[in-house]
Amino acid sequence: MNRRTKTAVFGAALLLTATAAAASAAASSDSGSGSGSPVRAREAAALTGKAKLYRSAGDDITFSFDAHLAAKDKADPMKATGTFEWSHYLNGEGARAKAKVDCLLTGGKVAVVSGVITSSDLPGAKGKRVGITVHDLGHRDRLGYSWASTGTPVETKDLPKCVGSAPFEKVKKGTGDFSVTPWQPDL
């Protein structure tokens, strides 16, 4: 072989080696930690986080979410799991509640989650369905709740799953953040 042919063959060999190495690295990163474990599918939707709401009167209102829709349940938002809870106190009076998630819908950075109250110190609230809407705007999130027009979850009658109100409340700066994973259904 002449020198020009040897150089071309050597260059082709280097290119093949680099291509094979890149493919191997991509395969390793696709399999998780490179240990041969399979890639976990991205969950279909999620709403997580904790923050306090801003109220000029000084109300202490906190919401927290741990709601998830598994990838395998992508086609059915009513298979969402998790919990959410909130408390509202002013001058030492108020109540708290915790709900079990029964539906989660997200679109872009907006989530609507509903659930049935499993525990609360608000008389008559246990067993009621409530819905909350969150708009994830970074650290300036907004939130709305199904009992906005009635004043209390106790007054809400026969609320369907995944129904909330417009996110009219603001998160108090520096108190936390909500995170929304967008739902991407097969349409």
Side-chain angles (χ1 to χ4, degrees), residues 33 40-71 73-74 77-126 128-156 159 161-185:
S33 63
R40 291 190 62 182
R42 172 193 175 277
E43 62 188 333
L47 171 59
T48 57
K50 180 177 183 176
K52 291 181 180 274
L53 298 186
Y54 170 78
R55 285 284 179 90
S56 60
D59 300 47
D60 182 4
I61 307 170
T62 303
F63 281 83
S64 64
F65 302 94
D66 187 22
H68 304 271
L69 181 63
D73 296 324
K74 180 175 167 178
M78 290 188 275
K79 289 190 176 177
T81 61
T83 59
F84 57 95
E85 51 191 293
W86 69 96
S87 61
H88 183 171
Y89 293 97
L90 179 62
N91 301 323
E93 293 187 24
R96 55 138 206 95
K98 184 173 185 175
K100 181 180 177 189
V101 171
D102 63 12
C103 187
L104 174 65
L105 282 171
T106 64
K109 290 296 187 173
V110 176
V112 179
V113 64
S114 64
V116 175
I117 297 173
T118 58
S119 65
S120 179
D121 52 8
L122 178 63
K126 191 173 177 180
K128 294 284 189 176
R129 176 174 289 112
V130 293
I132 301 172
T133 305
V134 170
H135 191 183
D136 178 4
L137 296 166
H139 292 284
R140 303 176 336 261
D141 298 340
R142 298 181 74 91
L143 183 141
Y145 35 84
S146 59
W147 61 95
S149 63
T150 63
T152 173
V154 176
E155 299 301 318
T156 305
L159 185 74
K161 292 181 180 181
C162 268
V163 172
S165 76
F168 63 95
E169 298 264 18
K170 295 178 186 175
V171 165
K172 185 175 180 180
K173 186 176 180 177
T175 66
D177 188 29
F178 303 125
S179 179
V180 174
T181 301
W183 185 45
Q184 298 170 338

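- Under the side chain to side chain donor-acceptor pair (under 3.5 Å) criterion, Asp121 pairs with no residue at all, not counting sequence neighbours.
- Screening Leu47, Ile132, Thr48 for a side-chain contact (heavy atoms from CB on, under 4.5 Å) involving Phe84 leaves a single residue, Ile132.
- Distance check, rounded to the nearest 0.5 Å: CG of Asp66 to NZ of Lys50 gives 12.5 Å.
- Residues Ser120 and Ala125 come closest through the heavy atom pair OG-CB, 3.8 Å.
- A 4.5 Å side-chain heavy-atom check between Lys109 and Leu137 finds every atom pair outside the cut-off.
- The side chain to side chain donor-acceptor pair (under 3.5 Å) search around Arg142 returns none, not counting sequence neighbours.
- To the nearest 0.5 Å, the span separating OG on Ser64 from CD on Glu85 amounts to 4.0 Å.
- The ring-ring contact (aromatic ring centres under 6.0 Å, His included) test applied to Trp147 returns Trp86, Tyr145, not counting sequence neighbours.
- Evaluation of the side chain to side chain contact (heavy atoms under 4.5 Å, CB included) rule for Asp59 yields Arg55, Ala57, Ile61, His88, Leu90 as partners, not counting sequence neighbours.
- Screening residues 128-140 for side chain to side chain donor-acceptor pair (under 3.5 Å), with sequence neighbours left out, gives Asp102-Arg129.
- With sequence neighbours excluded, the residues forming a side chain to side chain contact (heavy atoms under 4.5 Å, CB included) with Pro182 are Arg42, listed by chain and number.
- Every residue two or more places apart in sequence or in another chain was checked for a side chain to side chain donor-acceptor pair (under 3.5 Å) with Glu155, and none qualifies.
- Distance CG/Leu53 to OG1/Thr62: 7.5 Å, rounded to 0.5 Å.
- Ala51 and Val171 make their closest contact through CB-CG1, 3.7 Å (heavy atoms, listed as atom of the first residue, atom of the second, distance).
- Judged as a side chain to side chain contact (heavy atoms under 4.5 Å, CB included), and not counting sequence neighbours, the contacts of Ala45 are Leu69, Leu104, Thr106, Trp183.
- Between Val101 and Ala67, the shortest heavy-atom contact is CG2-CB, 3.8 Å.
- Residues Pro153 and Ile117 meet the side-chain proximity criterion, which asks for heavy atoms closer than 4.5 Å.
- Partners of Lys126 by side chain to side chain donor-acceptor pair (under 3.5 Å), not counting sequence neighbours: none found.
- Shortest non-hydrogen contact noted between Ala80 and Cys103 is CB-C, 4.1 Å.
- Sorted by first and then second residue, the salt bridge (charged side-chain N to carboxylate O under 4.0 Å, His left out) pairs involving residues 90-101 (not counting sequence neighbours) form an empty list.
- Qualifying side chain to side chain contact (heavy atoms under 4.5 Å, CB included) partners for Ala70, counting only residues two or more places apart in sequence or in other chains: Lys72, Asp73.
- Annotation: salt bridge (charged side-chain N to carboxylate O under 4.0 Å, His left out) contacts involving residues 170-182, sequence neighbours excluded, are absent.
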